[in-house]
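Let me begin by presenting the structure, written as structure tokens, before commenting on it.
Scope of the values below: all heavy atoms of this structure, side chains included, with no hydrogens, waters or symmetry mates. On a predicted model such as this, the values are computed, not experimentally measured, just so you know.
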Amino acid sequence: MEQQQQPNHEPHRHPAQERSRSHTVTTTASSSFTANWSSASSTLAYDREFLRTLPGILMVAEIVLGLLVWTLIAGTEYFLYPVFGWVMFVAVFYWVLTLFFLIIYMTMTYTRIPQVPWTTVGLCFNGSAFLLYFIAAIVDACAVTKELDSHNYNSWAASSFFAFVVTSCYGGNAYFSFVSWRSRNLQ
């Protein structure tokens with residue numbers, strides 16, 4: 001007697017489907033960095049006292065006066081004169097970075113990222129801002145003449161004055177950053 005074969009009603013699977021199904025790996029462990037980051041970032045701290053310190057006051061002054069520097073220049077035809085393009089670059093670049101650092105200090109983000117040497121970063125930032133703003137202020141002051149463009153003269157002269165004031169603010173913060181950096185390195 002011949003045995004009759006019954007048809008297989010299961011759909012035909014490709015061998016790759018079989019492999020992927022049979023070798024499924026499930027991981028439940030998460031990295032310690034992810035766990036620490038999610039627990040640390042669940043609430044944002046706000047440091048009101050920072051704005052009452054001298055570095056905080058200087059930082060706010062840098063933002064306000066730096067805004068004056070670049071808006072006074074941006075309201076003119078500065079793009080015709082490369083000198084004012086340089087001043088504009090320095091003013092906008094450090095204005096954005098100072099705003100960024102103010103947010104970092106106000107939200108106390110620096111406490112959540114201890115791997116970054118914040119005192120060294122602050123010293124490099126404020127030192128470079130002082131140096132480049134000082135150069136930009138001198139260049140700005142030397143370029144301001146009535147012969148260059150008389151209807152932009154007042155804006156450029158005012159931007160030059162405020163550039164020197166912002167330079168002194170960055171110089172003050174560079175000093176405080178140096179004192180903080182020095183005390184950290186002596187410990």
Spacing of CZ belonging to F161 relative to CG belonging to L68, to within rounding of 0.5 Å: 10.5 Å
Applying side chain to side chain donor-acceptor pair (under 3.5 Å) to T98 and not counting sequence neighbours gives Y170
The criterion is ring-ring contact (aromatic ring centres under 6.0 Å, His included); which residues satisfy it with Y110, sequence neighbours excluded? Y105
Shortest non-hydrogen contact between V69 and A163, atoms and distance: CG2-N, 3.5 Å
Kindly compute the distance separating CZ (F130) from OG (S168), expressed to the nearest 0.5 Å. 9.0 Å
Is W70 reachable from I135 through a run of hydrophobic residues whose side-chain heavy atoms are each under 4.5 Å from the next? yes
Note: with side-chain heavy atoms under 4.5 Å as the link, the other cluster members for L58 come out as L54, Y175, F176, V179
Rounded to the nearest 0.5 Å, what separation is found between the CZ atom of F101 and the CG atom of N173? 11.0 Å
Looking at CG of L99 and CD of E62, how far apart are the two atoms once the value is rounded to the nearest 0.5 Å? 11.5 Å
To the nearest 0.5 Å, atom OG1 of T109 lies from atom CD1 of I103 at 9.0 Å
Taking side chain to side chain donor-acceptor pair (under 3.5 Å) as the test, write out the residues that go with R52, two or more places apart. E49
Compare all side-chain heavy atoms of N152 with those of Y78 and state whether any distance is below 4.5 angstrom. no
Which pair of non-hydrogen atoms, one from C169 and one from L65, has the smallest distance, and what is that distance? SG-CD1, 4.4 Å
Hey, does the side chain of D140 reach the backbone of A136 with a donor-acceptor pair shorter than 3.5 angstrom? no
Shared ILVMFWY cluster between L132 and I73, side chains joined below 4.5 angstrom? yes
hydrophobic_cluster_shared for V60 and F125, side chain cutoff 4.5 Å: yes
As an exercise, state the distance from OH of Y46 to CG of L51, rounded to the nearest 0.5 Å. 5.5 Å
Quick one: are D47 and M106 in side-chain contact, heavy atoms under 4.5 Å? no
Linking I/L/V/M/F/W/Y whenever any side-chain heavy atoms sit under 4.5 Å apart, do V166 and F164 land together? no
Following the transitive rule for hydrophobic clusters with a side-chain heavy-atom cut-off under 4.5 Å over Ile, Leu, Val, Met, Phe, Trp and Tyr, establish whether F134 and V139 coincide in one cluster. no
Closest contact, heavy atoms only, S183 versus S180: OG-O, 2.9 Å
Compile the donor-acceptor pairs under 3.5 Å between side chains in residues 85-96 and protein atoms, sequence neighbours left out, one pair per line.
unit_1, atom_1, unit_2, atom_2, d
Y94, OH, S128, OG, 2.9
W95, NE1, I63, O, 2.9

Min side-chain heavy-atom separation V121-V116 under 4.5 Å: yes
On a heavy-atom basis, which atom in F162 and which in L72 lie closest, and how many Å separate them? CD1-CD1, 3.9 Å
Can you list the residues that meet the side chain to side chain donor-acceptor pair (under 3.5 Å) rule with T76, with sequence neighbours excluded? W156
Taking atom CZ of F79 as the centre, does the number of heavy atoms from other residues, nucleotides or ligands within less than 6.0 Å exceed 12? yes
